[in-house]
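So the structure is just underneath, and the comments pick up after that.
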Amino acid sequence: MKHLVLSICLGVAALLGKPAQAQEPLRIIIDEAIIEPLPIAVPTFQAETAEAGQMAGDLARVVAGDLTGTGLFREIPASAFISTVSDFNAPVQFADWKAINAQALVTGAVNVQGNALNVKFRLYDVFSGAELGNGLQFSGTVDGWRRIAHKVADAVYTRITGEGPYFDSRVVFVSETGPKDDRKKRLAIMDYDGANVQYLTDSGTIVLAPRFSPTGDRVLYTSYESGFPRIYVLDIGSVTRRVLESAEGTMSFAPRFSPSGQTVVYSLTQGGNTDIYTMDINTGQSTRLTNTPAIETAPSYSPDGSRIVFESDRSGTQQLYIMPANGGEAQRISFGEGRYGTPVWSPRGDLVAFTKQNKGRFHIGVMRLDGSQERLLTASFLDEGPTWAPNGRVIMFSRETQGATGSSTLYSVDISGRNLRPVNTPSGGSDPSWSPLQN
């Protein structure tokens, strides 16, 4: 979003005091066991200028919200603090933080001059009495303050968990309003946590399945504007779009970008048959990848672009298959009970997320590339449309409730099945697509 463009300065040494002795670093080991959330203290950041007063508190609240939202951290309330942080450069009174059982401490300082914003922070391991990593600073504009807060939280999260960052990212989704029998849908984009919602299309026509480009600046989606499903590519910055042309009498849908961003893989229905095609997004030249009587759709590239996972009923029921990116022999990977669909390759390359329907229930699940170690993460009347966080640790999806008044809501869940939680959006939401980390 144009108002959130940052000039990011990763300042290091100037923020440091005397180097601490080497310590065993504080670390959350994320495995399949139940994790006791790590107690963390995030005092209000210090305002270095008069204009920074309100923002100092707001920044700390977003940082704390990001961390506790993972389910891996428990924030110690300010009411329990014995001492305060009144000077960013003053020595930390570790005994006071140990007394309230804080294991990690985040301190920060905020400087606002006009529209220029500078945020410094440090992360401490309370029990070893040492700083974890180097202090950092992020610079940007006042209207981009939430992005800076997400960047601080990403740095803290990464240092303590060893996992990749994901807070400084966005989600494009279908915003839904109105009753179930007259649902209005339009494309919207937001921060990963539901803040800063902006609408990219109006609600005059049905839109489906938005998908981010690898650089996060474009979105593919399917629209019924012409009366038939057709694929459009939309530039987020200018909110301009163009149709990806297909032959008259055909229906094109379920598009995704290749990792290079130069090719689109999609489904095309012609003469009652649905197969998977690719298209060069610049020339419009298309190539057919599958040629069977089955319905073959929902293709998704591997992170290296060498393979495609897709759904097909060629075996008689809806199942998942993997084939080379240029077509060829496909290998079935789903073998459990029920039907499988909407596969999405993990950004780490090791898992495929999917929707499963079995015994009247819908599930979001993950499996290895050979179909082994299938794990169902959710169960409800209707869960569908998984999308991966940039670090491959969290999945977002949509859940619809039952009945004539049912509505669709976005949810997220850890790939272990823990920390299922709704995503706060102004109205109903479906078909989420998680962006890569912002630049």
Side-chain angles (χ1 to χ4, degrees), residues 8 10-12 15-16 19-42 62-76 97 101-108 121-138 147-169 192-193 303-304 345-353 366 368-369 373 375 377 387-396 412-421 434-439:
I8 301 168
L10 304 181
V12 181
L15 303 183
L16 299 179
Q21 293 181 346
Q23 300 281 347
E24 183 68 23
L26 179 67
R27 178 62 57 89
I28 295 176
I29 304 299
I30 303 177
D31 56 21
E32 304 315 316
I34 296 175
I35 294 173
E36 179 67 25
L38 183 143
I40 189 168
V42 188
V62 171
V63 171
D66 284 347
L67 296 173
T68 58
T70 65
L72 302 175
F73 299 87
R74 174 178 61 84
E75 186 186 10
I76 296 175
W97 299 104
N101 294 318
Q103 294 187 36
L105 170 67
V106 179
T107 66
F121 87 95
R122 289 189 176 109
L123 171 63
Y124 296 96
D125 179 343
V126 172
F127 282 89
S128 70
E131 187 174 350
L132 278 180
N134 297 328
L136 293 178
Q137 64 179 350
F138 299 95
R147 278 203 62 196
I148 293 182
H150 292 322
K151 287 182 175 294
V152 172
D154 271 332
V156 173
Y157 171 84
T158 298
R159 289 179 184 182
I160 295 179
T161 67
E163 297 281 339
Y166 73 95
F167 304 129
D168 183 28
S169 59
Y192 95 99
D193 58 357
D304 64 3
W345 217 300
S346 163
R348 297 179 179 182
D350 59 338
L351 296 172
V352 169
V366 294
R368 294 289 180 183
L369 305 184
Q373 299 182 40
R375 181 189 305 124
L377 311 179
T387 182
W388 290 93
N391 68 350
R393 184 73 217 179
V394 180
I395 291 173
M396 193 177 292
S412 65
V413 65
D414 187 275
I415 59 171
S416 65
R418 293 187 299 263
N419 200 38
L420 175 68
R421 59 201 303 264
W434 217 314
S435 81
L437 283 175
Q438 298 190 75
N439 293 323

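The shown structure was predicted, so the numbers you read here are calculated from the model rather than taken from an experiment.
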Worksheet item: How close do Ser435 and Pro390 get, heavy atom to heavy atom, and via which atoms?
Response: O-CG, 3.2 Å
Discussion item. When you compare the side chain of Pro165 with that of Tyr157, does any pair of heavy atoms fall below 4.5 Å?
Written reply: no
Worksheet item: How about Phe167 and Val156: do any of their side-chain heavy atoms sit closer than 4.5 Å?
Response: no
Fill in: Nearest-0.5 Å distance, CG of residue Leu437 to OH of residue Tyr166
11.5 Å
Worksheet item: How many angstroms lie between atom CG of Leu105 and atom CG of Leu26, to the nearest 0.5 angstrom?
Response: 11.5 Å
Worksheet item: Nearest heavy-atom pair of Leu123 and Ala104: which atoms, and what distance?
Response: CD1-CB, 4.3 Å
Response to the item:
Here the gap from Arg421 atom CZ to Met396 atom CE, rounded to the nearest 0.5 Å, amounts to 9.5 Å
Please tabulate, for side-chain N and O atoms in residues 65-74, each donor-acceptor pair with protein atoms closer than 3.5 Å (sequence neighbours left out).
from	atom 1	to	atom 2	distance (Å)
Asp66	OD1	His150	ND1	3.4
Asp66	OD1	Tyr192	OH	2.7
Asp66	OD2	His150	ND1	2.7
Thr68	OG1	Ala64	O	2.9
Thr68	OG1	Gly65	O	3.4
Thr70	OG1	Leu67	O	2.6
Thr70	OG1	Leu72	N	3.1

Worksheet item: What pair of heavy atoms forms the shortest contact from Val366 to Ile415, and how long is it?
Response: CG2-O, 4.4 Å
Item to complete: Mind checking the CD-CG spacing from Glu131 to Asp125? Nearest 0.5 Å is all I need.
Response: 11.0 Å
Worksheet item: If every non-hydrogen atom of Pro39 is compared with every non-hydrogen atom of Ile76, which pair is closest and at what distance?
Response: CB-CD1, 4.0 Å
Response to the item:
d(Trp345 CH2, Trp388 CH2) to nearest 0.5 Å is 12.0 Å
Worksheet entry | Salt-bridge criterion met for Arg348 and Glu163 (N-O under 4.0 Å) | yes
Fill in: Stepwise side-chain contact (heavy atoms from CB on, under 4.5 Å) check, Leu369 with Asp350
CA-CA 7 Å; Leu369 305 184; Asp350 59 338; 5.9 Å; no
Worksheet item: At their closest point, which heavy atom of Gly417 faces which heavy atom of Leu377, and how far apart are they?
Response: N-CD2, 3.7 Å
Worksheet item: Hey, does Arg393 have a side-chain heavy atom less than 4.5 Å from the side chain of Ser416?
Response: yes
Practice prompt. Working to the nearest 0.5 Å, report the span between CG of Asp154 and CG of Leu136.
Written response: 11.5 Å
Worksheet item: Closest heavy-atom contact between Thr387 and Trp434?
Response: OG1-N, 2.9 Å
